[in-house]
Amino acid sequence: MKSQSSTNNDFIVIKAKSDGVTVIGLTRGTDTKFHHTEKLDKGEVMIAQFTEHTSAIKIRGKAVIQTAHGEMDTEV
Ligand code: TRP
């Protein structure tokens with residue numbers, strides 16, 4: 001697949017450290033709105049990419065996040 005300038009092939013990994021962690025995808029473009037909300041329970045893992053539709057990802061709750069920039073923790 002042709003790669004687009006707005007995206008890359010990197011994945012981000014989110015591992016929930018408690019129940020009810022929320023992963024929210026925000027739209028790309030002039031409007032920055034929630035378009036997808038995913039709930040994770042403790043121990044569940046979500047692997048996601050930034051796409052032509054998703055420019056930002058917001059994470060609520062206690063989780064560990066791994067990206068190409070390193071690993072971080074939401075410190076809730
Ligand atoms: N349909 C969304 C998209 O292609 C799915 C998605 C990709 C998503 N990455 C995400 C949803 C990150 C939430 C968070 O963009």
Side-chain angles (χ1 to χ4, degrees):
M1 197 181 102
K2 196 173 129 237
S3 76
Q4 292 170 282
S5 57
S6 60
T7 63
N8 61 45
N9 297 319
D10 291 345
F11 286 84
I12 77 156
V13 178
I14 303 135
K15 181 170 183 179
K17 291 287 175 190
S18 63
D19 288 348
V21 169
T22 310
V23 179
I24 302 159
L26 294 108
T27 55
R28 190 177 296 282
T30 14
D31 285 354
T32 306
K33 292 186 172 162
F34 289 11
H35 67 76
H36 187 100
T37 300
E38 197 69 40
K39 285 265 184 199
L40 304 180
D41 283 334
K42 187 173 180 175
E44 288 188 319
V45 173
M46 181 166 169
I47 302 165
Q49 285 175 300
F50 291 95
T51 68
E52 74 177 289
H53 305 294
T54 304
S55 66
I57 298 171
K58 174 171 170 171
I59 296 153
R60 281 192 186 132
K62 197 170 182 215
V64 175
I65 301 141
Q66 289 179 333
T67 73
H69 305 284
E71 177 171 306
M72 67 217 88
D73 179 314
T74 56
E75 292 177 11
V76 176

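None of these values were measured; they are calculated from a predicted model. Side chains included, hydrogens not; waters and symmetry mates left out as well; all remaining heavy atoms used. One-based numbering, in listed order, for ligands and for the atoms of each.
Atoms of ligand 1 found under 4.0 Å from any heavy atom of Ile57 (numbered from 1 in listed order, with element): 12 (C).
Looking at every heavy atom in both residues, Gln49 comes nearest to Ile57 through O-CD1, 4.5 Å. The two residues Ala63 and Ile14 come nearest to each other via the heavy atoms CB-CG2, 4.1 Å.
What sits closest to atom 1 (N) of ligand 1 on the protein, heavy atoms only, is His35 CE1, 4.7 Å. Among all protein heavy atoms, the one lying closest to atom 4 (O) of ligand 1 is Thr51 OG1, 3.4 Å. The protein heavy atom nearest to atom 8 (C) of ligand 1 is Thr54 OG1, 3.9 Å. Looking from atom 14 (C) of ligand 1 to the surrounding protein, the closest heavy atom is Gly25 CA, 3.8 Å.
Within the 3.5 Å criterion, the main-chain N or O of His53 finds no donor-acceptor partner in the side chain of Arg28.
Taking 4.0 Å as the cut-off, Gln49 counts as a neighbour of ligand 1 on heavy-atom distance.
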Query - side-chain hydrogen bond (donor to acceptor under 3.5 Å, both in side chains) between Ser18 and Lys42, worked out - result: CA-CA 4 Å; Ser18 63; Lys42 187 173 180 175; over 6 Å; no

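Between Thr67 and Asp10, every side-chain heavy-atom pair lies at or beyond the 4.5 Å cut-off.
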